[in-house]
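What follows is one structure encoded as structure tokens, with my remarks underneath.
First listed ligand is number 1; within each ligand, the first listed atom is number 1. Note that the structure is a prediction, hence the values are computed from the model and not measured.
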Amino acid sequence: MTQETLSFQAEVSKLLDIVVHSLYSDRQIFLRELISNASDACDKLRYEGLTQPALLEGDGEFKISLSVDREAGTLTIADNGIGMNRQDLIDNLGTIARSGTQAFSEALKAQTEKKSGDVSLIGQFGVGFYSAFMVADSVSVATRKAGETEGWTWVSDGKGAFTIEETEGVARGASITLHMREDAKDFLEEFKLRNIVKTYSDHIAIPVEFTAPPKEGEEEKGPERLNEASALWTRPRDQITTEQYTEFYHHVSHGFDEPWHVLHYRAEGVLEYTGLMFVPGQKPFDLFTPERKPRVKLYVNRVFITDDCEELLPSYLRFVRGIVDSSDLPLNVSREMLQDDPRLRKIKGGLTKRLLDDLSKRAKDDEEGYLTFWENFGAVLKEGIYEDFERKDDLLKMARFRTTASDKPVSLETVVGRMKEGQTALYYVTGDDASALARSPQVEGFVARGVEVLLLTDPIDEFWVGAVPSFMDKPLKSVAQAGQDLDTLPLEDDAKEAESKEESTPAEEGKIDGLIARLKVALGDAVADVKVSKRLTGSPVCLVAKDGAMSLHLQKLMRQANQDSPMPSDRVLEINTKHAVIKALADRAAGDGEGVDDAAHLLLDQARILEGELPTDPVTFAKRLTDAMGKGLV
Ligand code: ADP
Ligand code: MG
């Protein structure tokens, strides 16, 4: 038989390097990972066996066996699950099999930049198997795939390459043998293994057995079971400890964090099922991948069916991890059949309702704690506002927003509760950065009138605001479209209010008209129009979208998504006719007109900078600015 040597995918090599240099402080989790893989392999074969009983080869008693050889210094984890063939070995134990190499490389890069090993993040990328190299200087896998005749041995020292060789007489399933590192020999101790299995793998539904090596002069003892081997979710809630829940969460999420919320319930009645769901305590990396897939495992009568069932939760709850076990679905349900199953739709409705109810309740009971959840997952949950028409209102109530009056996110109900007298709508502004928005010219007219403005900074906000005409009967309006609303609300500062009420003389109006005409000529195509502003109180100018056009922020998002799209020119420059600079410019325009054109460009560039853009021509901008400063200083 020939032995082939193959290289690990580059990402795997990098990963192994991190793993071996002890990224994980908690090395004992290697055992949880290998047992979890063995259990997955048994689950898979049990499922395949439902439709192809021949695959079971007469052995449907699944188990996982641990054994040690002290002399050789090895620990073996063997299962009689689905096993792997040559190609499986290459695909699964030579590449990053799970969540996509791209997300992984990004995380890795972030990690290298920070120079710190944030364990919780790496755990999410399916590095499970490779964690064996934390404790072993060499790992061998003897395996035969169910239904196939050739067996294989895979061997690696985790340094860039592995070998594969066809092998006679390998049992179905996989047997992973770890040649323990000198500093990890204590993992060969029976009490230690016992402890780890009890702590980490008690909930595994498949028996984990341990065969102790015979002591001198003693008979060999038979295998002994180490775990409870009953599916955790089938036990009554009051018999499950917090630690057990957390451990199970780690099992389904591949994470290391504490779950922020646990929902465990049994639905009875027309449709019976059990749900055990977790809201993570930390934000996973892959929340915003294009698939936006929910990740809940489906079981039928404790038999694992799939972890790729999009019908179990809406995608705006894709941060939730957990399992659903139903006795009402047929065991031989195919993954395709699940696509449009009315029972699944019912379960989805039930799960969604329970989760949202629980989240709302937590918001009521502990607003502070809820905000940590909101920081992590609010941007995802908000997708539901326009995707789930039925629950739009519930989701709006659950949403929290930064506003011009509050650094800490608050609910819409709170904002409605403190609306100004005479205020008829809820106002929002969209952009990238809350604190910049709070100080932007767009909102200063509102702030000066004591009107609270929602600061919407998640890209998703641009999309749902369009789908929500009102909340608690208050229309939701963009500040960009609400200039005239301000006429009816007084400024908080009485002197300014009196000033703003002063009528302009016909002569002053004439000058302003002249200035506007002059600005239009000077700026040409760079703006669609120049207008008198109602929204400005402290700044001389600002840029707004033309009525009915996309907001400037949305235009910017589109440009980011599609680099080629040109800068729009259909924007309006608004001027504040009460501002000293504008008044002086109006006088200049009516007089010799000197410097008006340069000032027009400076004002426009300044408005651009406030929108997060660059001046069109930075060199000219700098020159104009220097000249203007020179006039003031010299
Ligand atoms: P994950 O379990 O998250 O998929 P792992 O790194 O733990 O990632 O395992 C990678 C893949 O290797 C698994 O998805 C599975 O296909 C395969 N594998 C690992 N262990 C076994 C095993 N004991 N039996 C069969 N396949 C296995
Ligand atoms: Mg795994």
Quick check: does any side chain N or O of Asp157 sit under 3.5 Å from a backbone N or O of Ser138, one acting as donor and the other as acceptor?
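Not a single qualifying donor-acceptor pair exists.
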Does ligand 1 come near enough to [X] that some N or O of the ligand is less than 3.5 Å from an N or O of the residue?
X: Asp40; result: no
X: Phe129; result: yes
X: Asn92; result: yes

Which bit of Leu93 gets closer than 4.0 Å to ligand 1, counting heavy atoms only: side chain, backbone, both or neither?
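Answer for Leu93: side chain.
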Can you sort out which atoms of ligand 1 are near Gly128, meaning under 4.0 Å from one of its heavy atoms?
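Counting from 1, the qualifying ligand atoms are 6 (O), 7 (O).
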Show which atoms of ligand 1 fall inside a sub-4.0 Å distance from at least one heavy-atom site of Ala174.
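Near Ala174, the atoms of ligand 1 are 22 (C), 23 (N), 24 (N).
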Between Glu310 and Arg318, is there a side-chain N and carboxylate O pair less than 4.0 Å apart?
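Result for this pair is no, no salt bridge flagged.
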Does this structure show an ion pair linking Glu247 with Lys198, if we count only N-O contacts that are shorter than 4.0 Å?
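Answer for the salt bridge query: no.
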Are Phe162 and Phe8 close enough that their ring centers fall under 6.0 Å?
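Between Phe8 and Phe162, which both carry aromatic rings, the centre distance is below 6.0 Å.
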Using heavy-atom distances, let me know which of Ile82, Asp307, Asp79 sits nearest atom 23 (N) of ligand 1.
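The residue whose heavy atom sits nearest atom 23 (N) of ligand 1 is Asp79.
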If the condition is ring pair (Phe, Tyr, Trp, His ring centres under 6.0 Å), which residues does Phe463 pass it with, not counting sequence neighbours?
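Ring pair (Phe, Tyr, Trp, His ring centres under 6.0 Å) list for Phe463, sorted by chain: empty.
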If you draw the axis of the six-membered ring of Phe187, does the NZ or CZ of Lys192 fall within 45° of it and under 6.0 Å from the ring centre?
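Here Lys192 passes the 6.0 Å and 45° test against Phe187.
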